[in-house]
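Read through the structure below, which is laid out as structure tokens, and then see the notes.
The first residue in the sequence is number 1, and the count goes up from there.
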Amino acid sequence: MASAYWPDAQVNYGDWYSGEPQGMITWGNAFVQNRTVARLHHVTTQTVEIDGDVAHAETYVIWTMLSPDKVANIGSGRYLDRLEKRNGEWRIAIREFLGETTADVPASADPAAMAGAQDRSDLSYARPLKRRPE
């Protein structure tokens with residue numbers, strides 16, 4: 001995640017966090033690890049306006065976070081980014097997160113039955129991806 005930001009970037013998540021990228025990564029990872037057993041983060045529609053070595057992007061995001069007590073937090077928001085091209089490389093210089101909607105709903109999923117993993121044991125890291133036995 002850190003490579004998406006310039007080291008001197010500012011990252012703002014409402015009243016929850018405002019500061020440098022590494023602090024946001026530490027805060028964000030702790031936030032989800034301490035409160036959830038499964039999570040999805042969908043980055044969707046994006047618009048980008050480029051003006052020389054500066055670009056402004058608006059990106060929509062949808063998330064689902066499942067708590068240990070089977071409550072799903074479902075929400076959406078937007079990332080408003082100022083990107084800068086330095087030495088031929090684009091990265092985020094400023095990020096503002098704007099939450100738009102959120103809802104907590106009972107979930108029927110059993111966290112123990114989830115197939116995904118939040119580490120390199122997840123099937124998405126399998127190379128080559130192999131056929132299952134018949």
Side-chain angles (χ1 to χ4, degrees):
M1 282 175 62
S3 67
Y5 298 92
W6 289 112
D8 62 344
Q10 183 184 49
V11 186
N12 304 303
Y13 275 76
D15 294 335
W16 301 308
Y17 180 85
S18 180
E20 45 85 28
Q22 191 55 55
M24 181 276 302
I25 293 166
T26 300
W27 164 81
N29 286 341
F31 181 89
V32 297
Q33 291 295 328
N34 294 334
R35 292 174 173 82
T36 68
V37 294
R39 62 210 65 71
L40 292 172
H41 183 258
H42 301 274
V43 176
T44 64
T45 306
Q46 182 179 59
T47 59
V48 181
E49 298 172 13
I50 301 171
D51 184 12
D53 290 343
V54 174
H56 292 275
E58 178 180 37
T59 308
Y60 285 75
V61 59
I62 302 168
W63 68 84
T64 302
M65 296 185 286
L66 182 62
S67 71
D69 57 348
K70 294 186 179 180
V71 173
N73 175 262
I74 302 167
S76 64
R78 294 177 288 149
Y79 295 125
L80 304 178
D81 295 325
R82 175 190 166 107
L83 299 100
E84 295 177 0
K85 184 178 180 182
R86 302 178 189 173
N87 299 317
E89 183 177 358
W90 286 97
R91 293 190 190 192
I92 299 167
I94 301 171
R95 166 163 282 179
E96 291 283 350
F97 168 74
L98 301 176
E100 300 287 349
T101 64
T102 187
D104 290 328
V105 298
S108 59
D110 178 4
M114 298 289 175
Q118 298 297 311
D119 57 29
R120 292 200 174 265
S121 69
D122 189 80
L123 186 59
S124 66
Y125 289 96
R127 298 291 184 270
L129 187 60
K130 295 180 180 176
R131 289 183 175 272
R132 292 184 182 193
E134 297 283 327

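- In terms of hydrophobic clustering, with Ile, Leu, Val, Met, Phe, Trp and Tyr side chains grouped at heavy-atom distances under 4.5 Å, Ile94 and Met24 are assigned to different clusters.
- Across Ala9 and Pro21, no two heavy atoms sit closer than the pair O-CD, 3.4 Å.
- Note on Val48: it does not cluster hydrophobically with Leu80, by side-chain heavy-atom contacts below 4.5 Å among ILVMFWY residues.
- Side chains of Leu123 and Leu129 form a contact here, defined as non-hydrogen atoms less than 4.5 Å apart.
- Nearest approach of Gly77 to Glu100, heavy atoms of both residues: CA-CG, 3.6 Å.
- Counting non-hydrogen atoms of other residues, nucleotides and ligands closer than 6.0 Å to CG of Asp119 gives a total above 12.
- Counting non-hydrogen atoms of neighbouring residues, nucleotides and ligands closer than 6.0 angstrom, the CG atom of Asp51 reaches no more than 12 such neighbours.
- To the nearest 0.5 Å, atom CH2 of residue Trp90 and atom NZ of residue Lys85 are 6.5 Å apart.
- Between the side chain of Trp6 and the backbone N or O of Arg91 there is at least one donor-acceptor pair closer than 3.5 Å.
- Remark: Arg86 CZ is packed, more than 12 non-hydrogen atoms of other residues, nucleotides or ligands lying under 6.0 Å away.
- Using a 4.5 Å cut-off between side-chain heavy atoms of Ile, Leu, Val, Met, Phe, Trp and Tyr, with links allowed through other members, Val43 and Met1 fall into different hydrophobic clusters.
- Here the straight-line distance linking atom CH2 of Trp63 with atom OG of Ser76 works out to 6.0 Å at 0.5 Å rounding.
- The CZ atom of Arg78 lies 13.5 Å from the CD atom of Gln46; values are rounded to the nearest 0.5 Å.
- Counting only distance, with no hydrogens or angles, the side chain of Thr44 and the backbone of Tyr60 share a donor-acceptor pair below 3.5 Å.
- The shortest side-chain heavy-atom distance between Val11 and Trp27 does not fall under the 4.5 Å cut-off.
- Note: Tyr17 OH to Asn12 CG = 9.0 Å, rounded to the nearest 0.5 Å.
- Summarising the geometry, atom OG1 belonging to Thr59 is positioned 5.5 Å from atom CG belonging to Asp81; distances are rounded to the nearest 0.5 Å.
- Separating the CD1 atom in Ile62 from the CD1 atom in Ile74 is a distance of 10.5 Å, to the nearest 0.5 Å.
- Put simply, Val71 and Leu40 are part of two different groups of oily side chains (I, L, V, M, F, W, Y) that touch within less than 4.5 Å, one to the next.
- The closest side-chain donor-acceptor pair between Asn73 and Thr102 falls under 3.5 angstrom.
- Side-chain contact between Met65 and Phe31 is present, with at least one heavy-atom pair separated by less than 4.5 Å.
- The local environment of CD in Glu89 is crowded, with over 12 non-hydrogen atoms from other residues, nucleotides or ligands closer than 6.0 Å.
- Between Leu83 and Ile92, the closest side-chain pair of non-hydrogen atoms falls below 4.5 Å.
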